[in-house]
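Worksheet: one structure, shown below.
Chain A is the first sequence line, chain B the second, and so forth, proteins listed ahead of strands; every chain is numbered from 1.
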Number of protein chains: 2
Amino acid sequence: MRVPYETMVKEFTRVLEKYGFTEERAKDAAEIFAQNSLAGVQSHGLNRFPRVVDYLKKGEIDPKVEATCTASFGAMERWDGHRGFGPLNAKRAMNRAVALAHQYGIGLVALGNNNHWMRGGTYGWEAADQGCIGICWSNTCPNMPAWGAKEPRIGNNPLILAVPRSNGEHIMVDLAMSQFSYGKLETTRLAGKQLPVPGGYDEDGNLSTDPEAIEKSKRSLPIGFWKGSGLSILLDMIATILTDSNSVAKIGTFGDEIGLIQIMIAIDPGKFQDAHVTDEIIESIMADVSKSEPVQEGGEVRCPGVGEHRKRRDNLANGVECDEGKWNEVLAM
Amino acid sequence: MRVPYETMVKEFTRVLEKYGFTEERAKDAAEIFAQNSLAGVQSHGLNRFPRVVDYLKKGEIDPKVEATCTASFGAMERWDGHRGFGPLNAKRAMNRAVALAHQYGIGLVALGNNNHWMRGGTYGWEAADQGCIGICWSNTCPNMPAWGAKEPRIGNNPLILAVPRSNGEHIMVDLAMSQFSYGKLETTRLAGKQLPVPGGYDEDGNLSTDPEAIEKSKRSLPIGFWKGSGLSILLDMIATILTDSNSVAKIGTFGDEIGLIQIMIAIDPGKFQDAHVTDEIIESIMADVSKSEPVQEGGEVRCPGVGEHRKRRDNLANGVECDEGKWNEVLAM
């Protein structure tokens, strides 16, 4: 079914207010969920909403706690999320990084002791909406073996890079260090399909495209084998150093995936050139990439984010495509 | 054969002075080559030295030109490399980023219109030697197809992350966005071996571990398939925006791989905590990773850089392991 974006925001806001958010914070949080749905990322939009409401009911998320700055030096700040509502803390942190970038050219906010930020792309996009390049990442619970290891001890620590376009259609990558998320393995298994490329090892130690075999072995594959493994470890080290908060290993001792770290970096290219110069640079690179001869006849070679722009436009014009059952669940809340 | 590190520096310095470097710049450049050899990365150390001397003879590198700052705003600067000697320009740029980090917590220098920086790890290590987290990357000539494309239009744009340890044995990843470099494909082919994992596609479009087949098709594989492809495009976009210099596509029009961009980011964790706290964080993550049960019986699961530390120690104690023919070439210069 299709639900108008504004209706979605309104309903999410209503429910969040009911569970203790102030009006303003409810609307901000609702927009994050609705925007993720608008971008087609339902796993961190509508479909995740009921679970978050469950956490609110159980008191596992305090809707009133806000992240605070605990240390500051020039263009760099350290914040404590006090294990509040992850996405609002993360958004404030990126907004602060953007303010620092406006003041110093570049700004960094290291947010420790926070909770899950839902979709990392939210914060890269947030920076880009304010004319900044956004670079951000989160650590996670241990969910992937290091290269050469059997059991999960490193995180799939998603990394986001975004560049701003003045038409609002930013170019962005949002990528976990694992080739596929556990959510993707599950949906592929439920659809009775195989992964398009190997996503991990089966229990006999062979590379596999069978989602079920990988779920069983818990041996999901880092992107680029040893490369994604090393990148994941370094992203966790930098995050833990900058916050003196919980590393992936420490998060693994908490039972649930809580107390995460997010690093937000914003860079303001507007200090060096007008937005139209930045636009032209991005468009010229996009044009060159899309000139590529596709492997599949009639195929298309696109820059990251272009598929999402189409989805957004369609969802804005025709209502957000979503699961009727999930939507009715929200209406009944 | 084994050559003492100091002898290597002395000989490189002698040759570089002969080809027009001032004494000080010759020594600095010599140290970069010798350090890369010390770390075991001969492809960007001794083995590359004769080619660089060739370029000097031909006048393709001006040993006297230095990068200059062309724009500055707070913690962020834009530099022009004037197509001088890549590694010295890159080192100065990272040193300036470190100085900015000391002043503002974080610093960024965007160096456009430079030349090849040899080994990117040099500059991550440089930041770490001064107590900073180093993040840097370079763009390259087009040498990899975008995901879904047949011909190379994107770069393998190496990305480096380094964290500082006060014992000088920093933890670092230095990774190209391609699964294997063309150099690695060549050495594997010459050794008559197969790649350990698929490194690209053969001319029939099948994933392949045969280096020769990939050299022929020019279809090397991005790390994580679509993920490394997207990351490569974004790294190029950010680099081009921050310098208004040459994108991968533009470099592809120059014939040779010249006029590259490097982005240097330094972050000073010393503003928030003593170095021993940072050391403890890094060591605790290293300890957790190395507790992993290895896939190979008797194997070892290591953090990135640990193998290099061993190589450095061995090469410092026993002389740098190197190819006798290449070394004699240098002695005869």
Part of A/Ile154 lying under 4.5 Å from any heavy atom of chain B:
side chain
Inter-residue atom distance B/Met237.CE - A/Glu283.CD, 0.5 Å rounding:
9.0 Å
With distance as the sole test, does A/Lys271 use its side chain to make a donor-acceptor pair with the main-chain N or O of B/Met76 at under 3.5 Å?
no
Selection from B/Asp268, B/Ile171, B/Ile282, B/Val197 maximising heavy-atom pairs under 4.5 Å formed with chain A
B/Val197
So, the part of A/Ala110 with a heavy atom under 4.5 Å from chain B: the answer is neither
Hey, does the side chain of A/Gln273 reach the backbone of B/Ile241 with a donor-acceptor pair shorter than 3.5 angstrom?
yes
Residues from residues 296-308 of chain B approaching chain A under 4.5 Å (heavy atoms)
B/Val301, B/Cys303, B/Pro304
CA sep, side-chain torsions, deciding dist, call: B/Leu159, A/Leu231, side-chain contact (heavy atoms from CB on, under 4.5 Å):
CA-CA 10 Å; B/Leu159 172 67; A/Leu231 206 43; 4.2 Å; yes
What option among A/Gln103, A/Lys250, A/Lys291 has the most heavy-atom pairs under 4.5 Å with chain B?
A/Lys291
What part of B/Val277 gets within 4.5 angstrom of chain A, counting heavy atoms only: side chain, backbone, both, or neither?
side chain
If you count heavy-atom pairs under 4.5 Å between each of B/Leu108, B/Leu175, B/Ile135 and chain A, which one has the most?
B/Leu175
Heavy-atom pairs under 4.5 Å with chain B: which of A/Gly107, A/Gly74, A/Gly148 has the most?
A/Gly148
In terms of heavy-atom pairs under 4.5 Å with chain A, which of B/Gly252, B/Ala146, B/Ala176 leads?
B/Ala176
With side chains defined as the heavy atoms from C-beta onward, is the minimum distance between A/Asp288 and B/Arg153 less than 4.5 Å?
yes
With a 4.5 angstrom heavy-atom cut-off, which part of B/Ser178 approaches chain A: side chain, backbone, both or neither?
backbone
From the list B/Ile238, B/Thr240, B/Asp236, side chain to side chain contact (heavy atoms under 4.5 Å, CB included) with A/Ile281 holds only for B/Thr240
Go through it in stages, so that I can follow the logic: the residues are B/Val295 and A/Trp147, the test is side-chain contact (heavy atoms from CB on, under 4.5 Å), and I'd like the CA-CA distance, side-chain angles, deciding distance and then a yes or no.
CA-CA 9 Å; B/Val295 171; A/Trp147 179 247; over 6 Å; no
Of all heavy-atom pairs between A/Phe272 and B/Ser72, which one has the smallest distance, and what is that distance?
CE2-N, 4.0 Å
Taking all heavy atoms of B/Leu161 and all of A/Leu234, pick out the closest pair and write down the distance.
O-CD1, 3.6 Å
Toward chain B, the part of A/Ile133 with a non-hydrogen atom under 4.5 Å
side chain
Of all heavy-atom pairs linking A/Glu293 and B/Glu151, the shortest is N-OE1, 3.0 Å
Name the region of B/Glu280, side chain, backbone, both or neither, that has any atom closer than 4.5 Å to a heavy atom of chain A.
neither
Could you tell me whether the side chain of A/Lys227 and the main chain of B/Asp174 form a donor-acceptor pair under 3.5 Å?
no
Based on non-hydrogen pairs under 4.5 Å, which of B/Pro294, B/Pro269, B/Pro142, B/Ser284 is most in contact with chain A?
B/Pro294
So, the part of A/Ile267 with a heavy atom under 4.5 Å from chain B: the answer is side chain
Can you give me the closest heavy-atom contact between B/Pro196 and A/Trp226, atom names plus distance?
CG-CH2, 4.2 Å
